[in-house]
Structures are given as structure tokens and as C-alpha cells.
Novice: 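Below you'll find the structure I mean.
Quick note: numbers below take in every heavy atom, side chains included, and nothing from hydrogens, waters or symmetry partners. Treat the numbers as computed from the prediction; the structure is a model and nothing was measured.
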Protein chains: 2
Amino acid sequence: MSNITLKKIAEELKLSPSTVSRSLRDSHEISQETKDRVRALVAKLDFQPNPHASSLRKNKSKTIAVIIPEIENNFFVQVLNGIEEIAQKNGYHVLIYITHENYQREVDILHMLRSGRVDGIMISVASSTTNFEHLTAYVELGVPLVFFDRVCEIMDAPCVTTDDAQAAFEATEHLIKTGCSKIAFLSLDGNLSISSRRRSGYLEALKQYGLLNNKIIVECCLDDEATRQKIRSLFLRENKPDAIFTAIEKFSITTYEVCKELQIKIPEQVKMISFSNLTAASLFNPSLSAIIQPAYGIGRESADILFRLIDRKKLLPTQKKVIIPSHLVIRESSPVQQIVL
Amino acid sequence: MSNITLKKIAEELKLSPSTVSRSLRDSHEISQETKDRVRALVAKLDFQPNPHASSLRKNKSKTIAVIIPEIENNFFVQVLNGIEEIAQKNGYHVLIYITHENYQREVDILHMLRSGRVDGIMISVASSTTNFEHLTAYVELGVPLVFFDRVCEIMDAPCVTTDDAQAAFEATEHLIKTGCSKIAFLSLDGNLSISSRRRSGYLEALKQYGLLNNKIIVECCLDDEATRQKIRSLFLRENKPDAIFTAIEKFSITTYEVCKELQIKIPEQVKMISFSNLTAASLFNPSLSAIIQPAYGIGRESADILFRLIDRKKLLPTQKKVIIPSHLVIRESSPVQQIVL
DNA sequence: AATTTTTACGCAATCGTTTCCGAAATTCGT
DNA sequence: ACGAATTTCGGAAACGATTGCGTAAAAATT
């Protein structure tokens with residue numbers, strides 16, 4: 001770390017530190033000539049003000065924290081990409097924390113962040129989170145917080161999501177219209193906002209088409225092997241589903257693998273559709289019909305909102321609860337025309 | 001941000017700030033009784049020392065920066081995952097910066113980081129980086145820096161990579177052994193360390209099998225459409241390749257798409273193999289043979305090394321240049337037995 | 001009992017920047 | 001030309017935690 005300080009610059013130029021500081025922030029109470037002299041030396045010595053001293057004094061860290069439940073998930077990666085983009089534009093730094101769907105870790109991180117290390121937080125809660133005290137405690141400190149995707153509706157904080165229920169409805173409806181009547185819905189256990197919204201979209205579609213009695217809801221956990229086992233038993237029971245709708249990208253991969261293992265043909269024997277942001281989904285065998293979430297946009301929008309909060313700007317009324325639509329891409333795993341063998 | 005400070009704790013307990021500070025760091029010169037009193041109040045008030053004040057005084061930020069060229073790439077995501085894991089264990093925070101393969105952005109980030117904001121840097125350089133002054137200038141400041149994957153060999157900084165040349169050799173050899181003689185190698189343009197190492201592995205295999213005259217090297221850039229066009233023309237030239245070996249995951253996806261478009265069958269008409277960390281590669285149509293890099297391990301190992309440097313611990317001699325082997329997974333896109341139609 | 005050592009704590013400087021007050025020096029208004 | 005307003009800058013006190021140094025009191029040593 002360079003040990004050249006504001007004070008040294010000041011000495012060198014026979015100025016006071018305050019003048020140098022003001023020059024650097026282009027204060028109107030410094031003459032142009034002095035500013036130029038300061039900037040010249042600063043540039044020459046490649047001086048950078050110490051961010052910790054600055055943060056301490058100004059009580060601003062120019063840093064935000066992004067808390068995500070997992071990183072090996074294209075959705076969160078794209079969100080992060082959007083966030084980083086906006087943060088960079090605003091001159092902010094991005095701290096990343098991964099909870100690995102662990103509630104305790106989430107609590108610890110939020111607790112730790114109460115120190116003033118960051119000016120704001122963006123979070124998608126862990127699947128194991130049912131209690132929100134750690135979040136309310138944080139918000140009560142007055143530090144801006146924005147939820148994205150997996151939100152906590154009851155809290156007074158902006159939420160940026162996609163239209164999960166609508167998207168799930170459309171996906172289910174699509175499956176119904178292509179002839180499916182026994183559609184299984186695979187979702188993450190716990191009571192995440194997205195899970196319940198997606199489930200209700202699924203159920204609503206079944207209801208509208210009089211198929212509510214056929215509902216098959218399977219709640220899977222994070223353990224890959226357990227999920228695999230649940231999917232297997234789904235195919236081994238007497239009343240097999242004729243379609244699978246997975247609410248989580250990862251589950252679609254597991255489902256494909258199980259189908260391969262059990263030699264079940266997609267889409268002939270079972271159709272498939274999934275929430276997924278995998279760019280490679282179109283290369284799957286068969287290509288996977290997917291609900292693509294506007295991940296990048298969610299990242300950008302929620303970051304935008306966070307910075308408005310940080311800058312104490314008024315939020316537009318529409319920015320309290322932002323919903324960006326997903327879109328459905330139909331591919332071979334759930335073809336519109338039934339493939340006849 | 002909580003406005004409760006060390007000083008207030010001290011007043012409340014009728015102690016001096018120094019005593020409180022020492023109590024919190026478990027100094028031996030504080031009686032157990034006092035420590036207990038301090039800790040009790042600290043716990044009760046949920047006090048957290050201001051990190052900026054602490055960083056300023058101790059000249060330690062407890063933060064590292066991770067600079068990656070792109071994030072929508074499974075390899076870097078897994079590396080990041082490993083890094084975050086180790087950082088968390090060491091009580092460190094992780095700042096993430098994405099260069100988007102942009103040299104100037106990389107320069108700017110490194111310049112900005114010369115302020116003492118972080119205690120160390122982990123970086124994989126951008127493909128457009130040919131000049132390393134920004135890196136040497138940084139290292140000369142005495143701040144630890146570790147390279148991973150895309151390294152700069154000539155610099156005196158630890159490097160953690162995989163055995164690119166060996167892996168590329170084996171992949172090429174595999175293609176040759178399954179009957180291919182016109183193997184095209186698709187790599188990223190620019191002179192990245194990984195590109196040249198992978199290329200040399202490819203060339204070495206061709207050489208050993210007397211196929212050097214058949215070498216086909218295509219350098220692609222980041223523009224997706226340009227890459228697509230280059231791949232198309234590869235298939236449209238008179239002397240078509242009978243195998244494609246892509247050094248970058250993204251290129252394999254584009255290649256698959258082009259093959260679909262041109263109705264070229266993999267592996268019947270052209271075999272494929274790629275460097276890739278996509279978990280879903282096994283679900284491709286056909287499933288993609290891949291060189292899987294130990295991304296998570298690279299992340300963990302390079303973070304480990306960085307923290308040794310930060311703690312001024314001696315590096316083991318083996319930690320100056322760490323090479324973690326990749327492994328080849330053969331799938332349907334380059335079957336061992338030739339599929340006869 | 002006198003001395004040395006140890007224990008347990010306080011004082012005050014320090015990290016580097018920012019900003020509230022002044023206060024010269026200059027310009028302006030009339 | 002003389003007070004008022006403006007411009008331009010410096011002094012010094014923050015911000016909050018850490019730490020070198022000093023020192024009473026208690027304990028140990030001779």
C-alpha cells in the first residue's frame with residue numbers, strides 16, 4: 001500500500017491538508033490555479049486517498065454487500081453480473097457473501113454487516129430462512145436493503161422479483177394444452193416466497209382446467225441424492241406423471257439424469273419444463289423448455305433501487321415492488337405438437 | 001449503522017477505551033473479570049467495532065479482491081466459490097470485480113486498488129491484456145497478489161493453474177486415437193497463458209502422431225457472432241475438420257449451435273471435445289466430452305496461498321507455482337468406439 | 001522489610017481524511 | 001473611499017479504534 005498521504009501532498013505544495021482535500025473534491029472555495037497544482041502532483045505521485053480514513057470520516061463505505069444463497073446457479077450469477085455493472089457505474093464496490101442456503105450463515109453475515117462496513121445490502125434469502133428477525137434488525141438500523149427474487153414480503157423494503165405465479169401458470173397451462181393431465185411440480189422445500197408463488201401458479205392452472213385432483217407436489221431439499229431418490233420414486237409409483245415441472249434449475253438436471261437412468265423418454269413418456277437460466281438448455285437432449293427469468297435485469301433494477309435509497313432519493317412508487325416478467329421458451333422437452341413415434 | 005462505539009462502552013463500564021479494546025481482543029493484560037464485564041455489555045448492546053476505524057489504525061482491511069474476466073462462465077464461478085469458502089474461514093471479506101475481458105478496466109481496477117482498500121488480490125487476467133505494468137506496479141507496493149488460471153508467468157507472484165498443456169495433449173490424443181486426423185483447435189485470441197499452453201499441448205499431440213501438417217488453429221474473439229461465422233466457414237471450406245477441440249467452454253456451445261444449423265452430426269461427421277466445467281455437459285445432445293478443470297480446488301488453493309502471503313507466512317516451495325490436474329471425461333461427442341450408422 | 005516483578009489499567013498519540021470555523025486578502029457596491 | 005461581500009485558504013477538531021508508554025497496586029522475591 002502506497003504510504004503517500006494527503007498531508008505529504010500538502011507539505012510538498014506548502015498547502016494545508018484541508019486545501020488539498022478540497023481541491024481533490026473540486027470544491028468551489030479553491031482557486032483553479034491551486035486545484036491544478038494539486039492535481040498535477042497527485043497525478044504525478046499517483047496518489048489515492050485512503051478509503052478507510054475517508055469512510056471513517058464520512059461514514060460512507062462506497063461498498064455494498066450482495067448476499068446470495070448459492071453461486072453455482074446461473075440465475076444468481078446473472079443477477080450478480082447486473083449488480084456489478086450498476087455498482088461499477090456508481091463508483092461502488094461489491095462484497096459478495098454466499099450463504100449456501102444456510103440460515104445461520106445468513107444470520108451471521110447480517111449481524112456482521114451491522115458494523116457500517118457497507119452502505120447497503122442486496123439479498124436473496126436462504127431456503128432455510130423462516131425467521132426474519134436478523135433482517136428487520138438490520139433494516140431498523142436505517143441501512144438500505146433491497147430484496148431480489150427470494151423476498152420477504154412482509155418487510156418494509158423494496159423487492160425486485162419476476163412474475164413467478166404467472167410464469168408458472170403459463171408453463172403449467174402449456175403442458176396441459178399439449179395433453180398432459182398428471183403434472184408433477186418439483187419445488188424446493190421451506191417456505192420461500194418464490195416457492196409459494198410458483199406453486200400457486202401451478203395450482204391455479206390445474207384448477208382452471210379442472211385438474212386439481214391430479215396435483216402432484218414434490219418438495220425436494222438441497223441434498224442431491226435425496227432429490228434423485230424422490231424423482232425416481234415419482235416414476236416408479238403406479239400413477240406416473242406425464243409431465244414434470246421443476247421450479248429449480250438444478251432439479252431439471254437431476255430429472256434428466258434420472259430419466260436417462262430409468263430409460264424414460266422425454267418428451268414421449270414424460271414432458272418437461274423448468275425454471276432455468278442455463279444458456280445451454282437449448283443443447284440438451286432433448287432441448288429443455290424453460291422459463292427464463294430476467295436475471296440480469298433483476299440485478300440491474302435492484303441495484304438501481306439500492307443506490308437510490310443510499311442517495312436518499314425518493315423511490316418512484318413503482319419501485320417499491322418491481323416485477324419483471326419472465327418468458328417461456330418452448331423447446332423439444334414439451335413440444336407443441338405431440339411427437340408420434 | 002449502529003452508533004454505539006467503543007468509547008460509549010467504556011464510559012458505561014467506567015473503563016478506558018483502551019481497556020475495552022484490549023478486552024475484546026483478549027489481551028493478557030486485562031483481568032478475566034474485566035473481560036467478562038466488557039463482553040457482557042458488548043453482547044447485550046450487540047456492539048461491533050467500526051471496521052473502518054480499525055482498518056485505518058491497523059492498516060489492514062480484512063478484505064481481498066477477486067478480479068475475473070467474466071462471470072458467466074462456470075469455471076470462474078466455481079473458483080469464486082472456492083475463494084469465498086476460504087475467505088470466510090479466515091474471517092475475510094471478498095470484493096468482486098469483473099473486467100469483462102477489458103484491459104482498460106483491469107488497469108483501472110488495479111490502479112484503484114492501490115489505495116489500501118484490500119490486503120491482497122487474486123486475479124485471472126483479461127484476454128486483451130498484453131502489458132503487465134499495472135500488475136507489476138501493484139506488486140511493487142508490497143501487496144500480495146496471486147494469479148489463477150490466466151497467469152503472468154514472468155512475474156514474481158504465485159500462480160495456480162491446471163495442467164493445460166497436458167490436458168490439451170490428452171484430449172487431442174484421444175481424438176486422434178478415435179480416428180480423427182483433421183482436428184481443429186478453437187482458442188481465444190490474444191496471448192493468454194492458457195491459450196498458448198493449450199495450443200502447445202494440441203500441437204505436441206499432432207506432432208507425436210505425425211499430423212502437424214493438418215493443424216487447424218482458429219482464433220476467435222469474444223464477439224459471439226464473429227465466432228459463429230468463423231466456425232461456419234470452418235465447415236464450409238473444402239478440407240473440413242473431422243473433429244473440433246474448443247479451448248473455451250463458450251465456443252463449444254456456439255459450435256453445437258452451428259452444427260445444428262448446418263445439420264452436421266456430432267459425432268458422426270465431426271467429433272467434439274472442449275474445456276468445460278458445465279455440469280450439464282452430460283445432458284447435451286450428444287453429451288459433450290470435456291476437460292474438466294479443478295476450478296473449486298484452484299479457488300481454494302490460490303486463496304490459501306494468498307492468506308499465507310497476507311499473514312507473512314513462508315510459502316512452501318511447492319506453492320510458488322501450483323498445478324492442479326484437470327481430468328478428461330469422454331462422452332458421446334467423441335466416443336471411443338466409432339459409431340457406425 | 002525493602003526491593004523487584006507482575007498484574008491491570010489509563011493517558012494520549014496515532015492512523016489519514018474531512019469539515020466546521022475563522023480569517024486574511026481581494027473584489028464589489030454605492 | 002469605505003464598509004460589505006466574496007474568494008481562498010489554514011487551524012484544528014472530529015471519525016472510532018488501537019497501542020506504546022507510564023504507573024499504581026498487588027504479588028513475589030530476597
Side-chain angles (χ1 to χ4, degrees), chain A residues 1-39 41-42 45-63 91 112-119 141, chain B residues 1-39 41-42 45-63 91 112-119 141:
Chain A
M1 192 228 24
S2 122
N3 53 353
I4 155 161
T5 70
L6 240 188
K7 208 178 296 182
K8 290 188 186 170
I9 302 264
E11 279 174 17
E12 186 83 11
L13 294 172
K14 299 195 188 309
L15 289 172
S16 80
S18 49
T19 303
V20 175
S21 176
R22 278 188 267 250
S23 296
L24 290 179
R25 21 195 69 252
D26 203 23
S27 162
H28 66 275
E29 42 184 338
I30 302 296
S31 70
Q32 192 57 48
E33 189 200 327
T34 306
K35 282 183 190 171
D36 291 342
R37 285 208 308 144
V38 169
R39 295 215 184 108
L41 186 60
V42 161
L45 299 183
D46 197 19
F47 165 73
Q48 299 241 43
N50 183 303
H52 304 120
S54 182
S55 294
L56 174 60
R57 182 59 229 252
K58 296 202 291 187
N59 202 20
K60 271 269 176 186
S61 64
K62 279 280 170 183
T63 306
M112 180 272 299
L113 288 178
R114 301 180 60 174
S115 60
R117 184 178 289 275
V118 297
D119 297 341
L141 252 51
Chain B
M1 190 228 24
S2 120
N3 52 352
I4 155 160
T5 69
L6 239 189
K7 208 178 295 182
K8 291 188 186 170
I9 303 266
E11 278 173 19
E12 187 84 12
L13 294 172
K14 299 194 188 309
L15 289 173
S16 81
S18 50
T19 302
V20 176
S21 176
R22 277 188 266 252
S23 296
L24 290 179
R25 22 195 70 252
D26 204 23
S27 163
H28 65 275
E29 43 183 340
I30 302 296
S31 70
Q32 191 56 48
E33 188 200 329
T34 306
K35 283 183 191 172
D36 291 342
R37 285 208 309 144
V38 170
R39 296 217 181 105
L41 186 60
V42 161
L45 299 183
D46 196 19
F47 166 71
Q48 298 242 41
N50 183 304
H52 304 121
S54 182
S55 293
L56 175 60
R57 180 61 228 251
K58 297 202 291 187
N59 203 18
K60 271 266 176 188
S61 63
K62 279 279 173 186
T63 306
M112 181 271 301
L113 288 178
R114 299 180 62 175
S115 61
R117 184 177 289 275
V118 296
D119 297 341
L141 252 51

Novice: Is the base of dC11(C) touched by the side chain of S18(B) through a donor-acceptor pair closer than 3.5 angstrom?
Specialist: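 Check passes, donor-acceptor contact within cut-off.
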Novice: Report the end-to-end axis angle of the helix from dA1(C)-dT30(D) to dT30(C)-dA1(D); each axis comes from five terminal pairs, and the value is rounded to 10°.
Specialist: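 Terminal axis comparison yields 30°.
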Novice: Rounded to the nearest Å, what distance is computed from the CZ atom of residue R57(A) to the C1' atom of nucleotide dG16(C)?
Specialist: 12 Å
Novice: Report the residue from S23(A), S16(A), S21(A) that forms a side chain to side chain donor-acceptor pair (under 3.5 Å) with T19(A).
Specialist: S16(A)
Novice: Have a look at K14(B) and say if it touches a base, only the backbone sugar-phosphate, or nothing, with a 4.0 Å heavy-atom cut-off.
Specialist: sugar-phosphate
Novice: Among residues 20-35 of chain A, which ones have heavy-atom contacts with DNA chain C below 4.0 Å?
Specialist: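 Output list: S21(A), R22(A), R25(A).
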Novice: Starting from the 5' end of DNA chain D, give me the residue, T19(B) or A53(B), whose nearest nucleotide shows up first.
Specialist: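 Going by which nucleotide is closer to the 5' end, it is A53(B).
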Novice: Between atom CG in L56(A) and atom C1' in dC15(D), what is the gap in whole Å?
Specialist: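 For the pair L56(A) CG and dC15(D) C1', the rounded distance is 4 Å.
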Novice: Quick one: L6(A) CG to dC15(C) P, roughly how many Å, whole number?
Specialist: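 Spelled out: CG on L6(A) to P on dC15(C) is 14 Å.
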Novice: Measure the distance from NZ on K62(B) to P on dC15(C) and round it to the nearest whole Å.
Specialist: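 It is 22 Å, rounded to the nearest whole Å.
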Novice: Starting from P on dA17(D), measure out to CD on E11(B) and report it in whole angstrom.
Specialist: 12 Å
Novice: Should we count CD of Q32(A) as having more than 12 external heavy atoms under 6.0 Å?
Specialist: yes
Novice: Considering only heavy atoms from C-beta outward, does the side chain of T5(B) approach that of N50(B) to under 4.5 Å?
Specialist: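 No, every pair of side-chain atoms sits at 4.5 Å or beyond.
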Novice: T5(B) side chain N/O closer than 4.0 Å to the phosphate oxygens (OP1, OP2) of dG16(D)?
Specialist: no
Novice: Could you give all pairs that pass the salt bridge (charged side-chain N to carboxylate O under 4.0 Å, His left out) test and reach residues 14-29 of chain B, with sequence neighbours left out?
Specialist: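 Every pair satisfying salt bridge (charged side-chain N to carboxylate O under 4.0 Å, His left out) with a residue in residues 14-29 of chain B: R22(B)-E29(B), D26(B)-K35(B), D26(B)-R39(B).
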Novice: When L41(B) is tested against each of L15(B), I9(B), V20(B), D36(B) for side-chain contact (heavy atoms from CB on, under 4.5 Å), which residue passes?
Specialist: I9(B)
Novice: Tell me the salt bridge (charged side-chain N to carboxylate O under 4.0 Å, His left out) pairs involving residues 47-60 of chain A, sequence neighbours left out?
Specialist: none
Novice: Without decimals, in angstroms, what is the distance between L15(A) CG and dG11(D) P?
Specialist: 11 Å
Novice: Distance check needed: dC15(D) P versus Q48(B) CD, whole Å only.
Specialist: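 Result: 20 Å.
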Novice: Do the non-hydrogen side-chain atoms of R117(B) and Q48(A) ever get within less than 4.5 Å of each other?
Specialist: no
Novice: Return the value, rounded to whole Å, for the distance between atom CG of L13(B) and atom P of dC9(C).
Specialist: 11 Å
Novice: Taking only residues two or more places apart in sequence or in another chain, which ones pass side-chain contact (heavy atoms from CB on, under 4.5 Å) with S55(A)?
Specialist: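 In terms of side-chain contact (heavy atoms from CB on, under 4.5 Å), with neighbours along the sequence ignored, S55(A) is linked to S61(A), H52(B).
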Novice: Can you name the side-chain contact (heavy atoms from CB on, under 4.5 Å) partners of P49(A), sequence neighbours left out?
Specialist: F47(A)
Novice: Distance check: side-chain N/O of S54(A) vs OP1/OP2 of dT18(C), anything under 4.0 Å?
Specialist: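 So the side-chain polar atoms of S54(A) do come within 4.0 Å of the phosphate oxygens OP1 or OP2 of dT18(C), strictly under.
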